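Read through the structure below, which is laid out as structure tokens, and then see the notes.
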Amino acid sequence: WVDILSRAEAIFNDIGKAIRIVGTHTDITESKLAEAKLMESEERFKVVTESAGEWIWEVDNAGMYTFSSPMVENLLGYKPEEIVGKKHFYDSFKDDVKKELKEGAFSVFKQKLIFKDFENPNIHKNGQIVILNTSGSPILDKEGSLIGYRGADSDITNAKHAKEKLLTNQFYLSKAQEI
């Protein structure tokens with residue numbers, strides 16, 4: 001079986017009667033197969049991003065979100081449609097570190113580097129602080145110019161607080177032993 005795209009046009013005589021049809025037939029089997037593979041790939045990507053325990057995202061070269069998985073709502077309280085095309089990755093950074101983190105991120109962008117384990121405090125929609133661990137890779141066009149970044153975030157807030165508590169307890173234990 002093959003997929004055929006047919007196009008035709010009727011030719012009319014002087015009194016408006018159709019006297020023949022002129023047309024073409026084009027084999028579009030390969031493009032239909034490619035379309036099916038693309039749809040399968042998109043479905044696979046959708047399933048992975050929606051079932052991953054991380055927030056999957058993409059930003060353009062200015063840092064504006066161009067894609068967000070639904071997990072962003074669990075992490076920061078926003079629905080994807082509230083940030084895609086409306087917020088930059090640095091908009092939710094905690095104010096006291098926003099400038100420093102933004103400059104560091106754009107330095108990485110300028111160098112088109114892959115980054116891992118970038119810890120950054122963010123402000124949840126409800127005002128709470130959420131510490132995210134971010135990793136990302138550059139998206140480049142055919143000429144090697146930066147289009148944006150694609151990456152993932154996970155919430156490490158509880159782990160950070162537990163570590164701080166453990167370190168504090170160890171400090172007091174060592175002080176008590178000195179006495």
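All values reported here derive from a predicted model rather than from experimental measurement.
No continuous path of hydrophobic side-chain contacts links Ile114 to Phe118 [ILVMFWY only; heavy atoms under 4.5 Å]. Note on Leu146: it clusters hydrophobically with Phe89, by side-chain heavy-atom contacts below 4.5 Å among ILVMFWY residues. Linking ILVMFWY residues whenever their side-chain heavy atoms come closer than 4.5 Å, directly or via other members, leaves Ile21 and Ile19 in distinct clusters. Note on Leu101 and Met64: separate hydrophobic clusters, where clusters join Ile, Leu, Val, Met, Phe, Trp and Tyr whose side-chain heavy atoms are under 4.5 Å apart, directly or indirectly.
His25 and Ser6 get closest at one heavy-atom pair: ND1-OG, 2.7 Å. For the pair Tyr149 and Val108, the tightest heavy-atom approach, listed with the atom from each and the gap, is OH-O, 3.3 Å. In terms of heavy atoms, Lys94 sits closest to Ile129 at CD-CD1, 3.6 Å. Of all the heavy atoms in Pro70 and Pro80, the pair that sits closest is CA-CG, 3.8 Å. Looking at every heavy atom in both residues, Leu140 comes nearest to Gly144 through CD2-O, 3.8 Å. Minimum heavy-atom separation, Lys98 to Tyr90: CE-O, 3.4 Å.
Distance check: Thr134 OG1 to Asp117 CG gives 9.5 Å after rounding to the nearest 0.5 Å. Note that CD1 of Ile147 and CG of Asn61 are 8.5 Å apart. Values are rounded to the nearest 0.5 Å. In this structure, Lys112 NZ and Ser145 OG are separated by 5.5 Å, a value rounded to the nearest 0.5 Å. A distance of 12.0 Å separates CG of Asp3 from OG1 of Thr26, quoted to the nearest 0.5 Å. With rounding to the nearest 0.5 Å, the separation of OG in Ser92 from NE2 in His124 is 10.5 Å. Atom CZ of Phe12 sits about 12.0 Å away from atom NZ of Lys17, to the nearest 0.5 Å.
The shortest distance between side-chain heavy atoms of Ser154 and Leu132 does not fall below 4.5 Å.
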| request: Output, in order, the C-alpha distance, side-chain angles, deciding distance and verdict of ring pair (Phe, Tyr, Trp, His ring centres under 6.0 Å) for Tyr65 and Trp55. | output: CA-CA 12 Å; Tyr65 286 106; Trp55 169 30; 5.4 Å; yes

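For Phe115 and Phe109, the ring centers sit 6.0 Å or farther from each other.
In summary, the side chains of Ser107 and Gln111 do present a donor paired with an acceptor at a separation below 3.5 Å, with no hydrogens or angles considered.
With hydrogens and angles ignored, the 3.5 Å screen pairs no side-chain donor or acceptor of Glu100 with any backbone N or O of Val97. The main-chain N or O of Val2 is never found under 3.5 Å from a side-chain atom of Thr29 such that the two would form a donor-acceptor pair. Thr157 places a side-chain N or O within donor-acceptor distance of the main-chain N or O of Ile131, the cut-off being under 3.5 Å. Of the possible donor and acceptor atoms, one in the side chain of Asp91 sits under 3.5 Å from a partner among the backbone N and O of His88.
Under the side-chain contact (heavy atoms from CB on, under 4.5 Å) test applied with Asp153, the options Leu75, Asn122, Val72, Val130 reduce to a single match, Leu75.
Not counting sequence neighbours, Glu35 has no partner by the salt bridge (Lys or Arg N to Asp or Glu O under 4.0 Å) test.
Around atom CG of Leu113, more than 12 heavy atoms belonging to other residues, nucleotides or ligands sit under 6.0 Å away. Heavy-atom contacts from other residues, nucleotides or ligands closer than 6.0 Å to NZ of Lys125 number more than 12. The local environment of CD in Glu81 is crowded, with over 12 non-hydrogen atoms from other residues, nucleotides or ligands closer than 6.0 Å.
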